[in-house]
Amino acid sequence: MTTSGKYVPHVAGLIMVAVYAPLAIQRSAWSDDFPQVRDPRGSFDINVGDGRPVLGLINWLVFGQIDSIGPLVIPRLLGVLGIACLIMYMARLLQLLEWSPLIALLVACSIGLLPPFHSYAGWAITFSSPWVLLLATWAGVGGLDAIRQRQRPKAVLCFIGLVVAMLTYPPAAMFCWVALGIRFVSLLPPPRRAFSNTCIMGLFVAAAGFVSLTTARLVMIFFGNTGHRFMFVSSLPEFGRKLLWFSTYPPGVAARPFIISSPDNFEAIVTVGPVLLVILVGLYRRQSGSFWTKLLSLSILTVIPVFAMSAHLIARDNQIEYRFMVSIVVLAWVYLVVALEDMFAWAANTRPLNSTSPLFSFLILLPIVCLATVMAWKNVNQVFIQPFEVKERFLVQQLESFDVQQHDTIVVINPPDIWRSRGNLGIYSTISDLAHPWVIEPNLRILIADAHGHGVAPRIRVLEESVSLEANEFELDLRPLAERM
């Protein structure tokens, strides 16, 4: 590594902090943050029932010390630090794979600006996710290398790390496949070696998955948790429907890496199709050997994103959420960068990825990083920060008329379907988290505790329309807020 290149990971980490920290320090809370703050033990039980006991323990330890909205800045900053450390690791990985320092820096930064990472800075409860991604990446490729080099102590340590990642958040644990995909697309190993490494990684992940599932079930039994949501695909027809869903929606999301809008069918075809074509053609061109050798190598590269979604493939629910698809989104973006860079290198007669020519970096990557930074700021602001500010001002103003001496009940008027949504994917379509029924009560209790102390605990009733009130009841109508937002 050159003298200038050794600073690339540090610069990448600092850029992530510069982008996300100013957003994370702003006062906000969103959706699951409220019940987590009000009832950390209840949230722990939910995580245990979902097969994520380590996540439940981490959240209980962190949020158990928080009883208001202001201190949520701490987990958000921990999330930003996790993003920075992960991107530093990715930049270092790219350099070790002989990517030029400039391309490694810009690609690593662009990864940190992809939509899945926006929530880690704006949504306190997701603060552990980038740390799980980092742990899974280290454990996955570290375990693979340790097995091939017969380093048993390191292999056992990596195996434990991957099990812990799976017991924290399984979709994030599948990020272990990302590093393998990047390694293959960078070094272009022969198909036999690539297939061998993929099989070893698959067995390693499967074994860790078996241990994690068994451990999760034992933890449920210990705590007397029924785990009614801990269910998986259990029949061939159900698995067939899952594969049909997977073959359409996730690739479409991944092939539109920085676009969070939800496309109609025509828009999806005209945007996703060309991107997938560029990826396939570019990756095929990079391979060497006969047609069948190239096709086999391309097939292995194509299968890795499927393995990266395996935690979601065995689950019954089909959800288009970026936090479930971070691995496939990152892999698709790196594949696209490699394909485009190969075309530029062919045109400029330089060596792909190792070229010191700034042409590709300045014409393609730098503008994308700048634009993605603006988009990340806009998305975090419009989903997590601005709606919170509007909502809190409204609720505080309304609660000024709440008399603790007179009122012991708050009647919330929240008709169905009053909360509009944006035409975006997943949680980024939400205009106000009050559309989530589990938010209203803990949100109000936190504000009441801030204003009157934790000893004031009125009854809260949520109704769909106004009713005649008793003298001890206080009405809080959310319809004006919904119209305003």
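Side-chain atoms are counted along with the backbone in the values below, which use heavy atoms only and exclude waters and symmetry mates. Computed from a predicted structure; not experimentally measured.
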| request: Find the distance between CZ (Phe184) and CG (Leu97) and round it off to the nearest 0.5 Å. | output: 11.5 Å
| request: Look at Asp145 together with Lys154 and state whether they make a salt bridge at an N to O cut-off of under 4.0 Å. | output: no
| Should Val330 and Leu114 be marked as a side-chain contact (heavy atoms from CB on, under 4.5 Å) after you check the CA-CA gap, both sets of side-chain angles, and the distance that decides it? | CA-CA 8 Å; Val330 171; Leu114 287 165; 3.9 Å; yes
| message | So, taking the atom named CG in Leu162 and the one named CG in Leu157, what distance separates them when rounded to the nearest 0.5 Å? | response | 11.5 Å
| So how far is it from Trp377 CH2 to Ile385 CD1, rounded to the nearest 0.5 Å? | 8.0 Å
| request: Kindly indicate, with the supporting measurements, whether the criterion side-chain contact (heavy atoms from CB on, under 4.5 Å) is fulfilled by Gln26 and Glu389. | output: CA-CA 10 Å; Gln26 298 190 51; Glu389 294 174 346; 4.0 Å; yes
| said: Under the ring pair (Phe, Tyr, Trp, His ring centres under 6.0 Å) test against Trp30, which residue among Tyr428, Trp123, Phe388 passes? | reply: Trp123
| task | For the pair Asn225 (side chain) and Asp45 (backbone), establish whether a donor and an acceptor sit closer than 3.5 Å, ignoring hydrogens and angles. | result | yes
| request: Would you check if the side chain of Ser196 reaches a backbone N or O of Arg193 as a donor-acceptor pair within less than 3.5 Å? | output: no
| request: Give a yes or no on whether His10 atom NE2 has more than 12 heavy-atom contacts from other residues, nucleotides or ligands under 6.0 Å away. | output: no
| query | Which heavy-atom pair separates Ile15 from Cys109 by the least distance, and what is that distance? | reply | CD1-SG, 3.7 Å
| request: Just do the side-chain contact (heavy atoms from CB on, under 4.5 Å) check on Phe34 and Ile440 with the steps written out, would you? | output: CA-CA 9 Å; Phe34 293 101; Ile440 296 175; over 6 Å; no
| said: Test your reading of the model: is there a side-chain donor-acceptor pair from Arg38 to the backbone of Glu441, 3.5 Å cut-off? | reply: no
| remark: Nearest heavy-atom contact between Ile446 and Ser68 is CG2-CA, 4.2 Å
| request: For atom CZ of Phe195, decide whether the heavy atoms of other residues, nucleotides or ligands shown that lie under 6.0 angstrom number more than 12. | output: no
| Aromatic plane relationship, His436 with Trp438 - under 30° parallel, 30 to 60° tilted, over 60° perpendicular | parallel
Check: residues 297-304 side-chain donor-acceptor pairs under 3.5 Å, at least two apart:
residue, atom, partner, partner atom, Å
Ser297, OG, Thr293, O, 3.2
Ser299, OG, Leu295, O, 2.8
Thr302, OG1, Leu298, O, 2.8

| remark: So CE of Met309 and CE of Met174: to nearest 0.5 Å the spacing works out to 11.5 Å
| said: Taking the ring centre of each residue, are Trp333 and Phe258 less than 6.0 Å apart? | reply: yes
| said: Testing Asp433, Thr430, Asn414 one by one against Trp419 for a side chain to side chain donor-acceptor pair (under 3.5 Å), which residue passes? | reply: Asn414
| Heavy-atom pair of closest approach, residues Ala12 and Ile87 | CB-CG2, 3.9 Å
| said: For the backbone of Ile46 and the side chain of Arg52, can you confirm whether one donor and one acceptor N or O come within less than 3.5 Å of each other? | reply: no
| Say you draw a straight line from CG of Leu399 to CD1 of Ile410; how long is it, rounded to the nearest 0.5 Å? | 5.5 Å
| task | Could you tell me the separation between the SG atom of Cys176 and the CZ atom of Phe204, rounded to the nearest 0.5 Å? | result | 8.5 Å
| message | Tell me the closest heavy-atom pair linking Ala84 and Gly13, and the distance in Å. | response | CB-O, 3.6 Å
| message | Between Arg323 and Pro171 (side chain of the first, backbone of the second, donor and acceptor by atom type, cut-off under 3.5 Å), is there such a pair? | response | no
| With a cut-off of 6.0 Å (strictly less than), are more than 12 heavy atoms of other residues, nucleotides or ligands near CZ of Arg27? | yes
| Counting distance only, does the side-chain N/O of Ser110 pair as donor-acceptor with the main-chain N or O of Val107 below 3.5 Å? | yes
| said: If we ignore hydrogens and angles and just use 3.5 Å, is the side chain of Tyr322 paired with the main-chain N or O of Ser119 as donor and acceptor? | reply: no
| field | Shortest non-hydrogen contact between Met220 and Gly49, atoms and distance | value | CE-O, 3.6 Å
| Which atom of Leu72 lies closest to which atom of Ala29, heavy atoms considered | CD1-CB, 3.5 Å
| message | Has Ser186 got a side-chain atom pairing as donor or acceptor with Arg183's backbone, closer than 3.5 angstrom? | response | no
